[in-house]
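Note that the numbering runs from 1 along the sequence shown for the chain.
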Amino acid sequence: PGEPLEFLNLFNADAREPAMVDAGGIRACVQEMKKRELEFKLKVDKAQTVPYTVQIDQVQTEGVLLAFQRPLPPELAKGAAFIGNFQMESQNFQFPTKFQGRTAYLRYLFTWPEKVVKLERRAFPRLPFRPREKADASLRDGGVPGLGVGGPIINLSRQGVALRVDRVLRLDNGFRLSVNNSHFPPGK
């Protein structure tokens with residue numbers, strides 16, 4: 001037996017988004033997520049819906065049983081495609097899976113992932129904030145008269161903060177401005 005995170009070496013490193021398709025590596029990854037009681041996001045593929053927060057409840061031969069914090073729609077069809085996102089060892093991963101059925105209240109069976117994709121290589125992990133945590137921030141730029149922005153924090157890392165901008169104000173007169181990208185050129 002090697003080190004527990006040996007599966008991290010099974011990604012094809014030459015690709016822009018390295019992927020792991022080795023079934024044993026995928027199983028080791030899922031087992032590690034279960035062992036760590038890792039909470040992660042799961043969303044309907046290609047949908048603009050709020051992701052579900054889930055944990056692995058059980059690892060089974062026929063698939064992975066997930067514990068949800070809120071229920072899936074009862075009319076959801078078997079085979080519906082989902083995308084899972086999780087962080088481990090300061091890296092961000094994504095995997096496709098398919099809905100198989102409901103087994104109990106807030107417990108749903110999904111297929112084993114066919115692959116796990118390493119999305120990026122961040123120097124520092126991002127710590128997400130849920131809407132119910134009500135973590136808001138107000139920021140101002142260094143300009144004169146200057147702009148102030150405010151909104152909920154999406155995530156935080158040692159390198160910065162991701163903020164959903166809900167309001168933009170001119171600091172000299174307090175006027176609200178429309179929220180658009182022209183206020184935030186890269187590097188500002």
Side-chain angles (χ1 to χ4, degrees), residues 5 7-122 125-133 135 151-157 162-166 181:
L5 302 181
F7 63 85
L8 291 174
N9 300 324
L10 297 174
F11 286 84
N12 57 341
D14 56 345
R16 200 175 119 248
E17 286 189 338
M20 174 175 58
V21 294
D22 179 82
I26 291 170
R27 286 189 179 272
C29 180
V30 169
Q31 292 283 9
E32 185 66 20
M33 292 169 71
K34 165 89 173 106
K35 183 176 120 189
R36 293 182 182 203
E37 299 180 355
L38 194 66
E39 208 172 66
F40 62 98
K41 301 293 183 196
L42 189 71
K43 73 178 194 76
V44 179
D45 193 17
K46 297 178 179 56
Q48 296 300 315
T49 55
V50 176
Y52 294 89
T53 300
V54 301
Q55 279 183 294
I56 296 173
D57 187 55
Q58 292 177 24
V59 177
Q60 302 176 347
T61 312
E62 63 274 13
V64 182
L65 187 65
L66 300 179
F68 280 62
Q69 292 186 355
R70 61 186 168 93
L72 286 171
E75 67 277 4
L76 189 63
K78 181 177 179 177
F82 281 74
I83 296 289
N85 283 293
F86 68 96
Q87 289 186 332
M88 190 182 290
E89 302 303 305
S90 303
Q91 296 178 59
N92 200 14
F93 299 93
Q94 188 175 73
F95 63 90
T97 185
K98 291 187 175 128
F99 173 73
Q100 296 300 293
R102 180 179 186 260
T103 62
Y105 180 66
L106 297 179
R107 299 294 186 271
Y108 301 93
L109 185 64
F110 282 80
T111 60
W112 278 94
E114 293 174 23
K115 66 179 177 177
V116 177
V117 178
K118 193 184 299 182
L119 291 182
E120 68 219 19
R121 298 176 187 163
R122 295 193 182 277
R126 291 182 175 197
L127 304 171
F129 287 84
R130 293 192 191 115
R132 71 171 180 244
E133 292 172 310
I153 297 174
I154 297 169
N155 63 50
L156 184 67
S157 78
L163 175 76
R164 188 183 80 220
V165 177
D166 286 347
N181 289 343

Chemist: Show your reasoning for whether side chain to side chain contact (heavy atoms under 4.5 Å, CB included) applies to Leu38 and Gln55.
Modeler: CA-CA 6 Å; Leu38 194 66; Gln55 279 183 294; over 6 Å; no
Chemist: Do the non-hydrogen side-chain atoms of Phe40 and Leu66 ever get within less than 4.5 Å of each other?
Modeler: yes
Chemist: Below 4.5 Å, heavy atoms only, C-beta onward: do Leu72 and Arg102 meet side chain to side chain?
Modeler: no
Chemist: Could you report the tightest heavy-atom contact between Leu109 and Leu65, atom names first, then the distance?
Modeler: N-CD1, 3.8 Å
Chemist: Parallel, tilted or perpendicular: which one describes the rings of Tyr108 and Phe68, with boundaries at 30° and 60°?
Modeler: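 Rings of Tyr108 and Phe68: perpendicular, over 60°.
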Chemist: Can you find a pair of side-chain heavy atoms, one from Lys115 and one from Met20, that are under 4.5 Å apart?
Modeler: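 With C-beta onward as the side chain, the pair stays apart.
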Chemist: Would the number of heavy atoms belonging to other residues, nucleotides or ligands and lying under 6.0 Å from CD of Glu133 be above 12?
Modeler: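 Enclosed: over 12 neighbouring heavy atoms sit under 6.0 Å from CD of Glu133.
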Chemist: Over all heavy atoms of both residues, which pair between Phe11 and Pro18 is shortest? Give the atoms and the distance, please.
Modeler: CD2-O, 3.6 Å
Chemist: With side chains defined as the heavy atoms from C-beta onward, is the minimum distance between Thr103 and Gln60 less than 4.5 Å?
Modeler: no
Chemist: What do the steps show when you test Asp45 against Phe82 for side chain to side chain contact (heavy atoms under 4.5 Å, CB included), and what is the final call?
Modeler: CA-CA 5 Å; Asp45 193 17; Phe82 281 74; 5.9 Å; no
Chemist: Is the side chain of Gln94 donor-acceptor paired with the backbone N or O of Val117 at a distance under 3.5 Å, no angle test?
Modeler: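 No; zero donor-acceptor contacts below 3.5 Å.
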Chemist: Kindly give the heavy-atom pair with the smallest separation between Pro71 and Tyr52, and that separation in Å.
Modeler: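 Pro71 and Tyr52 have their closest heavy atoms at O-CE2, 3.6 Å.
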Chemist: Would Phe95 and Val30 count as a side chain to side chain contact (heavy atoms under 4.5 Å, CB included) here? Give the steps.
Modeler: CA-CA 11 Å; Phe95 63 90; Val30 169; over 6 Å; no
Chemist: So which heavy atom on Val59 is nearest to which on Lys34, and how close?
Modeler: CG2-CB, 4.3 Å
Chemist: Walk me through whether Glu89 and Arg36 qualify under salt bridge (Lys or Arg N to Asp or Glu O under 4.0 Å).
Modeler: CA-CA 12 Å; Glu89 302 303 305; Arg36 293 182 182 203; 2.6 Å; yes
Chemist: Check Asp166 against Pro152 and note the closest heavy-atom contact, atom names and distance.
Modeler: OD2-CD, 3.2 Å
Chemist: Kindly assign one of parallel, tilted or perpendicular to the pair Phe86 and Phe93, based on the angle between their ring planes and the thresholds 30° and 60°.
Modeler: parallel
Chemist: For the CD1 atom of Ile83 and the CG atom of Leu42, what is their distance to the nearest 0.5 Å?
Modeler: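 Atom-to-atom, Ile83:CD1 and Leu42:CG are 8.5 Å apart.
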Chemist: Hey, what do you get for CG (Asp57) to CD (Glu37), rounding to the nearest 0.5 Å?
Modeler: 10.5 Å
Chemist: Nearest 0.5 angstrom please: Phe129 CZ to Asn155 CG, how far?
Modeler: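 Here the rounded value is 8.5 Å.
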Chemist: With side chains defined as the heavy atoms from C-beta onward, is the minimum distance between Val64 and Thr97 less than 4.5 Å?
Modeler: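 Answer no - side chains too far apart.
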Chemist: Check whether Lys118 reaches the backbone of Asn92 with its side chain - one donor and one acceptor, N or O, closer than 3.5 Å.
Modeler: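 It does not hold such a pair.
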Chemist: Any chance CD of Gln69 has more than 12 other-residue heavy atoms, nucleotides or ligands included, within less than 6.0 Å?
Modeler: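 It does: Gln69 CD has more than 12 such atoms within range.
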Chemist: Using modelled atom types and a 3.5 Å cut-off, is there a donor and acceptor pairing between side-chain atoms of Thr111 and backbone atoms of Lys98?
Modeler: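 Indeed, once roles are kept as given, a pair shorter than 3.5 Å links the two residues.
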Chemist: For Met88 and Val116, what are the C-alpha separation, side-chain angles and deciding distance, and is it a side chain to side chain contact (heavy atoms under 4.5 Å, CB included)?
Modeler: CA-CA 12 Å; Met88 190 182 290; Val116 177; over 6 Å; no
